[in-house]
Amino acid sequence: MTSTVPRVRFAPAPTGYLHVGGARSALFNWLYARQTGGVFILRIEDTNPELSRPELIEAILEPLRWLGLDWDEGPIRQSERGDLYRDAIERLLASGSAYRCDCTQDDVKARAEQRGGKPGYDGHCRTREVAEGEGVVVRFGVPDEGVTAFDDVVRGHVEFHNADLEDFVIRRSDGTPVFLVANAVDDADMGMTHVVRGEDLLNTTPKVILLWQALGLGEIPVYAHLPLLVNEQRKKLSKRRDDVAMGDYVERGYLAEAMANYLATLGWGPPDGVEIRPMAEILELFRLEDVTKGSAFFDPKKLDHFNSTYLRALPVEEFVRRARPWLEGDDVPWASEAWDSGMFAELAPMVQERCVTLADAADFVAWLFVDEVEMDETAWTKAMVKGKHVPEILDAVIAGLADCPWQTDALEELVRGAGDAVGARSQVPVRVAVTGSNVGIPLFEPMVLLGRERTLARLRAARARLP
RNA sequence: GCCCCGUUCGUCUAGAGGCCUAGGACGCCAGAUUCUCAAUCUGGUAACACGGGUUCGAAUCCCGUACGGGGUGCCA
């Protein structure tokens with residue numbers, strides 16, 4: 001009888017950046033650990049020296065921290081525990097559960113083709129007593145008969161016929177163990193009580209269990225295979241073709257709490273239907289056994305909705321603080337000395353209400369800080385070319401602006417009056433002339449901040465383009 | 001091919017045999033509001049894959065079919 005405290009782990013391979021699917025797995029593990037008073041362990045599955053890139057470990061840890069998924073133990077690197085796995089393999093060899101094989105991959109393939117029917121290894125070396133040497137691997141001898149089964153928290157009872165499993169490699173020809181061995185050994189050694197991971201690993205589970213049993217590691221952990229996160233084509237998210245790197249979402253101005261909240265609704269739903277809520281509540285409501293079975297589409301539009309909702313709920317000072325990296329960084333369209341944080345703070349409430357991501361903030365205020373506005377030509381055509389009485393409106397506004405009180409109310413009254421005089425809408429043409437766009441934050445408050453001279457200059461420039 | 005898993009509105013989900021005329025959310029559409037755009041409010045659109053059972057009664061249980069996905073590596 002070991003500890004009764006639940007122990008779970010997130011065990012990524014450092015072969016790429018953390019993507020949304022991995023983050024969701026980490027989140028569900030974390031939720032389970034935190035709600036049960038359990039232990040959340042981070043383990044790096046870098047058993048393959050050729051593919052793993054140590055420099056990527058930080059690229060996995062960083063977004064996990066960002067999401068607030070703190071771990072209690074680790075990161076434990078499997079590459080540093082090679083002795084344990086080598087020892088396990090020796091024991092399997094000694095007990096006859098595993099054997100050496102010197103077949104090349106071409107041999108295996110050729111025999112399979114000759115046999116016809118099913119591909120895979122045929123157990124050719126089971127009784128050949130192959131000696132250690134160059135190009136020799138170790139394979140696990142899967143029993144010819146019987147069933148390997150387990151009860152999955154989300155999928156129920158799952159069975160695999162041993163006859164369908166081939167004698168899989170457990171030690172590569174370079175002497176390194178494959179993850180299946182490391183998995184069994186570490187899950188036992190670290191006392192994992194639950195293994196919560198993506199469904200793409202479901203098929204590897206019987207192999208790990210077989211190793212587990214052959215090694216006499218005791219009771220197997222409880223497995224829970226999460227539904228896959230898929231793209232619009234319903235295919236497993238792929239780092240190559242899908243927009244899934246967690247770090248990209250950070251850079252694009254998504255809030256960690258919005259992302260974590262959204263991820264929690266993929267493969268699970270709160271019983272009362274309230275999706276957007278603090279993680280503390282999700283922690284109370286989440287049940288591993290309520291996880292859904294079907295794969296879930298990672299919907300960027302719904303993420304946007306979560307994000308803008310979280311963004312609007314922020315106290316305005318907090319919004320300003322968190323938007324800062326996107327406003328005072330190197331990518332802004334204005335000269336850094338033109339930036340006026342006080343001015344932004346004044347306009348922040350109206351910006352905040354319109355942002356989907358933090359990165360959007362810059363677009364709403366850029367026209368206040370650039371020397372010359374970048375004209376949206378579509379907006380120009382729509383408002384200025386196709387608009388009615390635009391020249392008259394601009395002339396009237398330019399004339400009136402010269403000496404009107406420089407205040408929000410007065411500006412609004414003047415612009416409206418110019419439109420009323422000719423029976424047309426005047427706000428949009430003025431907006432396009434001054435901001436370069438037909439959409440944006442309310443016009444008159446920022447116009448006050450822009451100043452009389454710059455406002456007039458832009459209006460005159462626009463007027464000059466018209467007949 | 002073989003093995004495994006899955007299937008409720010376009011999407012994410014609620015639903016544990018009668019509470020379902022199948023609920024919510026995103027999206028979409030329409031209206032209200034409005035200095036534009038958003039936001040907000042109101043309304044609308046839209047689903048139990050199919051076929052057999054079991055049962056007085058099935059989205060819920062069983063079987064089959066179809067479709068989708070995952071795996072089938074000396075990747076994890």
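Everything quoted here is computed from the prediction, not taken from an experiment. We name chains A, B, ... by the order of the sequence lines, and we start the count at 1 in each one.
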Summarise how protein sits on nucleotides 66-76 of chain B as a single string, 5' to 3': B when a protein heavy atom is under 4.0 Å from the base, S for sugar-phosphate-only contact, - for no contact. ---SBSSSBSB

Using a 4.0 Å heavy-atom cut-off, write out nucleotides 26-41 of chain B from 5' to 3' as B (base contacted by protein), S (sugar-phosphate only) or - (no contact). SS-------BBBBSS-

Could you tell me whether [X] contacts a base, only the sugar-phosphate backbone, or nothing, with contacts defined as non-hydrogen atoms closer than 4.0 Å?
| X | value |
| --- | --- |
| A:Tyr262 | nothing |
| A:Thr292 | sugar-phosphate |
| A:Gly267 | sugar-phosphate |
| A:Glu159 | sugar-phosphate |
| A:Val356 | nothing |

[atom1] atom, [N] versus [M]: distance in rounded Å?
| N | M | atom1 | value |
| --- | --- | --- | --- |
| B:rC2 | B:rU60 | C1' | 32 Å |
| B:rG24 | B:rG43 | P | 11 Å |
| B:rC62 | B:rG17 | P | 12 Å |
| B:rA46 | B:rA30 | C1' | 15 Å |
| B:rC20 | B:rA59 | C1' | 9 Å |
| B:rG10 | B:rC29 | C1' | 14 Å |
| B:rA58 | B:rC50 | P | 15 Å |
| B:rA14 | B:rC48 | C1' | 13 Å |

Please tabulate, for side-chain N and O atoms in residues 404-412 of chain A, each donor-acceptor pair with protein atoms closer than 3.5 Å (sequence neighbours left out).
from	atom 1	to	atom 2	distance (Å)
A:Trp406	NE1	A:Val448	O	3.0
A:Glu412	OE2	A:Arg416	NH2	3.4

Between [atom2] on [N] and [atom1] on [X], what's the gap in Å once rounded to a whole number?
| X | N | atom1 | atom2 | answer |
| --- | --- | --- | --- | --- |
| A:Leu226 | B:rC5 | CG | C1' | 14 Å |
| A:Arg197 | B:rC5 | CZ | P | 15 Å |
| A:Glu289 | B:rG15 | CD | P | 12 Å |

Mind listing the side-chain donor-acceptor pairs of residues 436-445 of chain A below 3.5 Å, one per line with the distance, residues two or more places apart or on another chain?
from	atom 1	to	atom 2	distance (Å)
A:Ser437	OG	A:Val439	N	3.1
A:Ser437	OG	A:Val439	O	3.1

Non-neighbouring partners of A:Phe364 that pass ring-ring contact (aromatic ring centres under 6.0 Å, His included), sequence neighbours left out: none

Can you list everything that forms a ring-ring contact (aromatic ring centres under 6.0 Å, His included) with A:Phe10? Sequence neighbours excluded, please.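 Partners of A:Phe10 under the ring-ring contact (aromatic ring centres under 6.0 Å, His included) test: none.
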
Where the side chain of A:Glu289 meets the backbone of A:Val153, is there a donor-acceptor pair that is under 3.5 Å apart?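 Here the side-chain-to-backbone pair does not exist.
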
Backbone N/O of A:Leu263 and side chain of A:Arg24: donor-acceptor pair under 3.5 Å: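 No, the answer is negative, given that no donor and acceptor are paired below the 3.5 Å cut-off.
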
For [X], enumerate each residue passing the salt bridge (charged side-chain N to carboxylate O under 4.0 Å, His left out) test, keeping only those at least two apart in sequence or located in another chain.
| X | value |
| --- | --- |
| A:Asp106 | none |
| A:Arg252 | A:Asp243 |
| A:Arg463 | A:Asp395 |
| A:Arg155 | A:Glu199 |

Both distances below 3.5 Å, Watson-Crick or wobble geometry, any strand: find the nucleotide opposite [N].
| N | answer |
| --- | --- |
| B:rC26 | B:rG10 |
| B:rU34 | none |
| B:rU21 | none |
| B:rC61 | B:rG53 |
| B:rC75 | none |

Check side-chain contact (heavy atoms from CB on, under 4.5 Å) between A:Gln213 and all other residues, then give those that pass, not counting sequence neighbours.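 With sequence neighbours excluded, A:Gln213 shows a side-chain contact (heavy atoms from CB on, under 4.5 Å) to A:Ile209, A:Leu210, given in chain and number order.
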
For A:Ala296 and for A:Lys293, find the nucleotide of RNA chain B with the closest heavy atom, then tell me which residue's nucleotide is more 5'. A:Lys293

Spacing of A:Asn48 atom CG and A:Arg172 atom CZ [to the nearest 0.5 Å]: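 Spacing of CG (A:Asn48) from CZ (A:Arg172) equals 4.0 Å.
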
When rounded to the nearest 0.5 angstrom, what distance separates CG in A:Leu56 from CG in A:Leu51?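 The distance works out to 11.5 Å.
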
Show me the protein contacts with nucleotides 61-65 of chain B, counting only N or O atoms at under 3.5 Å.
none

